[in-house]
Amino acid sequence: EPPGRRAAARDRVARGPVLAVFWSLGVNIDGARKLFGDLGRAMGVWAGDQGAKVLLVLFIAFLFQRFGTRAIPRAIEGYVRQRGRTEQQVVESEIEKRIKTLSDVMVKTFSIMMVLGAAFMVLAQLGVNLAPLLAAAGVVGIAVVFGAQNLIRDIFAGVFIVLENQYRVGDVVNVAGVGGL
């Protein structure tokens, strides 16, 4: 069967019921038939060009994500265990807590960066001009920084707590009479 006949049959099956309803109501469907035909061709061209690029970007981002979420904890474990050997008094459970804490933070940060990077690449493939979007994000970022100084301060304090190894996942802490795990 020629490909043209197969495509025409598929088109009739897909849009046939909708056009049949309009035709039964007495609506002239010649314009709609032409519009659907042109739209189908345009979508096919787009899917063959930009659609394939978008899928490639998403696939590569997925592969990097999978690789990163496996490689980051291994690298952190090697680093923390090496540092733990130089400090004789470090208990194995403390090393495990440190590995889990740093791994969680780094994997989540990496994941957010991968999602944002892939989103920007997909938007670029879709023809979205990123310059105004990034400029607007910068302005909003400045406004958020001024409006949420306490939040930003707390985030930086949390980063330093993690980096300085003050607390780890699984530690019991008591702050201002309130305790927790």
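The structure presented is a predicted model; accordingly, all values stated were derived computationally and were not measured. For the single chain, residues carry numbers from 1 onward in sequence order.
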With a cut-off of 3.5 Å and sequence neighbours excluded, list every side-chain donor-acceptor pair involving residues 66-76.
from  : atom 1 : to    : atom 2 : distance (Å)
Thr69 : OG1    : Gln65 : O      : 3.0
Thr69 : OG1    : Arg66 : O      : 3.1

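- Considering only residues two or more places apart in sequence or on other chains, Ala118 meets the side-chain contact (heavy atoms from CB on, under 4.5 Å) condition with Ala61.
- Both Val128 and Leu134 are members of a single hydrophobic cluster when ILVMFWY side chains are connected at heavy-atom separations under 4.5 Å.
- At a threshold of 4.0 Å, the pair Arg98-Glu77 does not count as salt-bridged, since none of the basic side-chain nitrogens sits closer than that to a carboxylate oxygen.
- Under the 4.5 Å side-chain heavy-atom criterion for grouping Ile, Leu, Val, Met, Phe, Trp and Tyr, Phe62 is not connected to Leu56 through any hydrophobic cluster.
- The closest side-chain heavy-atom distance from Leu116 to Ile112 is below 4.5 Å.
- Through direct or relayed side-chain contacts under 4.5 Å between Ile, Leu, Val, Met, Phe, Trp and Tyr, Val175 connects to no other residue.
- Taken to the nearest 0.5 Å, the CD atom of Glu96 stands 11.0 Å off from the OG1 atom of Thr101.
- Residues satisfying the salt bridge (Lys or Arg N to Asp or Glu O under 4.0 Å) test with Lys100, not counting sequence neighbours, are Asp104.
- Val172 belongs to a hydrophobic cluster whose remaining members, ordered by chain and number, are Leu181; membership requires side-chain heavy atoms of ILVMFWY residues under 4.5 Å apart, directly or through intermediates.
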Would you list the atom pairs, donor with acceptor, under 3.5 Å between side chains in residues 150-160 and any protein atom, with sequence neighbours excluded?
from   : atom 1 : to     : atom 2 : distance (Å)
Asn150 : OD1    : Arg153 : NH1    : 3.2
Asn150 : OD1    : Arg153 : NH2    : 3.0

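- A chain of hydrophobic side-chain contacts below 4.5 Å, direct or via other Ile, Leu, Val, Met, Phe, Trp or Tyr residues, connects Phe110 to Tyr79.
- Taking the side-chain contact (heavy atoms from CB on, under 4.5 Å) definition, one finds that Val57 meets it with Met121, Val122, sequence neighbours left out.
- When the side-chain contact (heavy atoms from CB on, under 4.5 Å) test is applied to Phe64, the partners found at least two apart in sequence or on another chain are Ile60, Met114.
- With sequence neighbours excluded, the residues satisfying side-chain contact (heavy atoms from CB on, under 4.5 Å) with Asn129 are Ala131, Pro132.
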